[in-house]
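Single-structure report; data block below.
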Amino acid sequence: MDYRRTYLRDLMQAQPGGHVSAYGWVKTRRDSKGVSFVALNDGSCMADFQVVVDAGTFDGADWDAVTTGACVRFDGELVASPGAGQAVELKATGMELYGGADASTYPLQKKGATMEFLREIAHLRVRGNTFGAVNRVRNRASFAVHKFFQERGFQWINTPVITASDCEGAGAMFAVTTLLEAPEPGQEAKFKLTSQDPADDFFGKPAYLTVSGQLNVETLAMGLTNVYTFGPTFRAENSHSTRHLAEFWMIEPEMAFCDLEGDMNLAEEFVREVIKDVMDHCEEDLAFFNQRIDKELLTTLNHVVNSPFERMTYTEAVAALEKSGQTWQFPVAWGSDLQSEHERWLTEVHVGRPVILTDYPKEIKAFYMRANEDGKTVRAMDVLVPRIGELIGGSQREERFDVLEQRIKEAGLDPEPYWWYMDLRKYGSAPHSGFGLGFERLIMYLTGMQNIRDVIPFHRAPGQAAF
RNA sequence: UGCCGCAUAGCUCAGCAGGUAGAGCAGCUGACUGUUAAUCAGCGGGUCGUAGGUUCGAGUCCUACUGCGGCAGCCA
């Protein structure tokens, strides 16, 4: 057996004629008196491949074991199909059973199951329509991300997963340590530190899993010009929501010689181009999502591809919210952060498509965002999209040494650990901008899937790290 | 972490005057000359999340716990 193989996707598009082999997992089997039909799927595409078995061709235990979930290879002639659902089918003359799947206990059925149940069998759910499609879209979107940046001269760089600089600031972090005492064999694992002093730890100081490549990626942009990261990110927030994960994949472009305007242009172009690419290459999967998951999906995606994002300042947004006539659960006031209900109204009702909000009050944004001349706002931007909320958060960075130092102090932080970050402003500083985009949120947007836990193969969330 | 909701067969659910359980699908058996989540007939399948409490009697009411889900916060 060799990795080179004809995928079922290719067999389905091939011309009739010739002896072929079809490898896959059985989706369904239908028997009638003279003939049996086996629907095979290998994950290469949405549609199942039809294998036709004339009565009497096979018998015995292996043939009996060809039930939903079994893994099997059929050999035979590729013929034109008289049936309605497919152009060609395999008229089987040989078969090999690789692994049966006891039909009385195999949990994946041909009929629909809830997302909650499928989450409990995450090791098997990829064999179903929905999660096969999710992963194909995820794969194509990953490729489209790299394609988009590479075609524009951005260099893919990798920022550390472990960070010991304790200066990331935002978000609860997972500690990384070797100070835990190994449990005695056979004993229940209890955490016990071999030392209380971080100086004794592996890195000689506290270390954590990264919550953002932000600070590191800026250093690479100050030398490589246009760069991006695409890697795992970790947040130890105890969040129970449909759009948060403890482990997720984030895309962070960073551009030298670029202001907030250019940052917004990139964000908009990025979202549009990735959507276009996936629409071009995952038509069948998107049609499935449109039919089964979100009836408005294709309408929404087409709309996004064909119309510019609305842009407004935070101040304009607050004014719109105040004039909306809506009654808000949380009051709207200039200076306080926008609540979910506000963001949703802006993007879903007020604008009806993605909207980019800019120039937020400096008090509610990170210290590294560039201060505006008004002394009150910073050059931040959030891209809000219907149903998901915040898809992208970015900013023009503060490139002026003195202003940045002042902002760090205002934030109540000690500038000292940021010495290398400050050095960027000391030696060859340049205007620069970038943003962070949650890859899983993009996949939610692309597929219509409602829970972020269902757009990653094995989700990590509070209390949930099975598989 | 706060608020709300749910927990009955492998899955999806019904059972809502408190009187010790029911359907569809899946599974099994059989029928059917080509199906497309096939169809038709029959069969088996549940200590009703756990622990207490009220009651003659609890799937049903009360309490706690556990698990899951949704919303909010945190953000991407």
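Residue numbers begin at 1 in each chain, while the letters A, B, ... track the order of the sequences.
Taking the C1' atoms as reference points, G49(B) lies 41 Å from A31(B), given to the whole Å. Separation of the C1' atoms belonging to U29(B) and C71(B) is 49 Å when rounded to the nearest angstrom. Annotation: G18(B) and C11(B) have their C1' atoms spaced 29 Å apart (nearest Å). Comparing the same atom, P, in C48(B) and in G5(B) gives a spacing of 24 Å after rounding to whole Å. Separating the C1' atom of U39(B) from that of C16(B) is a span of 36 Å, rounded to the nearest Å. For the P atoms, the distance linking G70(B) with C28(B) amounts to 33 Å, nearest Å. Rounded to whole Å, the separation between the P atoms of C68(B) and U12(B) comes to 15 Å. Taking atom C1' on both U35(B) and C40(B), the two are 15 Å apart, rounded to the nearest angstrom.
When rounded to the nearest whole Å, the span between CD of Gln329(A) and C1' of C4(B) equals 12 Å. The CG atom of Leu437(A) sits 11 Å away from the P atom of A76(B) (whole-angstrom rounding). Distance His459(A) NE2 to G69(B) C1': 12 Å, rounded to the nearest Å. Across the protein-nucleic acid pair, Glu120(A) atom CD and C6(B) atom P stand 19 Å apart, rounded to whole Å. Rounded to an integer number of Å, the gap from Leu338(A) CG to C74(B) P is 11 Å. Atom CE of Met449(A) and atom P of G70(B) are 12 Å apart (whole Å). The distance from atom CG of Leu118(A) to atom P of G10(B) is 17 Å, rounded to the nearest whole Å. Rounded to whole Å, atom P of G73(B) lies 9 Å from atom NE2 of His342(A).
Residues Ser324(A) and Trp328(A) meet the side-chain proximity criterion, which asks for heavy atoms closer than 4.5 Å. Within the 4.5 Å cutoff, the side chain of Phe230(A) has no heavy atoms near those of the Phe149(A) side chain. In this structure the side chain of Glu390(A) never reaches within 4.5 angstrom of the side chain of Ile388(A), judged on heavy atoms.
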The contact string for nucleotides 24-39 of chain B, one letter per nucleotide 5' to 3', using protein heavy atoms under 4.0 Å with B, S and - for base, sugar-phosphate only and none, comes out as -SSSS---BSBBBBB-
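The partner of C16(B) is absent, by the rule that a Watson-Crick or G-U pair needs both atom distances under 3.5 Å. Figure legend. A26(B) is base-paired to no nucleotide; pairs are counted as Watson-Crick or G-U wobble with both atom distances under 3.5 Å. Within the shown strands, nothing qualifies as a pairing partner of G57(B) under the Watson-Crick or G-U definition with both distances less than 3.5 Å. As the counterpart of A7(B), U66(B) is assigned, both hydrogen-bonding distances of the Watson-Crick or G-U wobble pattern falling under 3.5 Å. In this structure, G2(B) and C71(B) make a Watson-Crick or G-U wobble pair, each of the two defining distances being under 3.5 angstrom.
Backbone-only engagement by Ile392(A) is indicated by non-hydrogen atom pairs under 4.0 Å involving sugar-phosphate atoms exclusively. Residue contacts shown for Leu391(A) are limited to sugar-phosphate atoms, with no base heavy atom under 4.0 Å away. Within 4.0 Å of Phe117(A), counting heavy atoms only, lie sugar-phosphate atoms of the nucleic acid but no base atom.
Between the side chains of Lys27(A) and Asn129(A), at least one donor-acceptor pair of N or O atoms lies under 3.5 Å.
Nucleotides of RNA chain B nearest to Asp337(A) and Thr114(A) differ in position, and the one nearer the 5' end is that of Thr114(A). Between Arg243(A) and Pro107(A), the residue whose closest nucleotide on RNA chain B is further toward the 5' end is Pro107(A).
The side chain of Glu390(A) has A76(B) as its nearest neighbour among A76(B), G70(B), G73(B). For Met250(A), the side-chain atoms get nearest to A76(B) when compared with the rest of A76(B), G69(B), A72(B). Nearest nucleotide to the side chain of Ala113(A), out of C11(B), C71(B), C75(B): C11(B).
Under the 6.0 Å cut-off for aromatic ring centres, Phe58(A) and Trp63(A) qualify, their centroids lying closer than that. No close placement of the Phe458(A) and His123(A) rings is indicated, their centers lying 6.0 Å or farther apart.
No hydrogens or angles were tested; on distance alone, a donor-acceptor pair under 3.5 Å links the side chain of Arg441(A) to the base of C75(B).
Figure legend: cation-pi geometry between Arg407(A) and Phe367(A) absent, as NZ or CZ is not positioned both under 6.0 Å from the six-membered ring centre and within 45° of its axis.
Taking the charged nitrogens against the carboxylate oxygens, Arg152(A) and Glu269(A) do have a contact shorter than 4.0 Å, which makes a salt bridge. A salt bridge is absent between Lys147(A) and Glu273(A); no separation between the charged side-chain nitrogens and carboxylate oxygens falls under 4.0 Å.
Of the possible polar contacts, one joining the Arg136(A) side chain to the Gly43(A) backbone as a donor-acceptor pair under 3.5 Å is found.
Contact check, Gln464(A) against C68(B): a side-chain N or O comes under 4.0 Å of OP1 or OP2.
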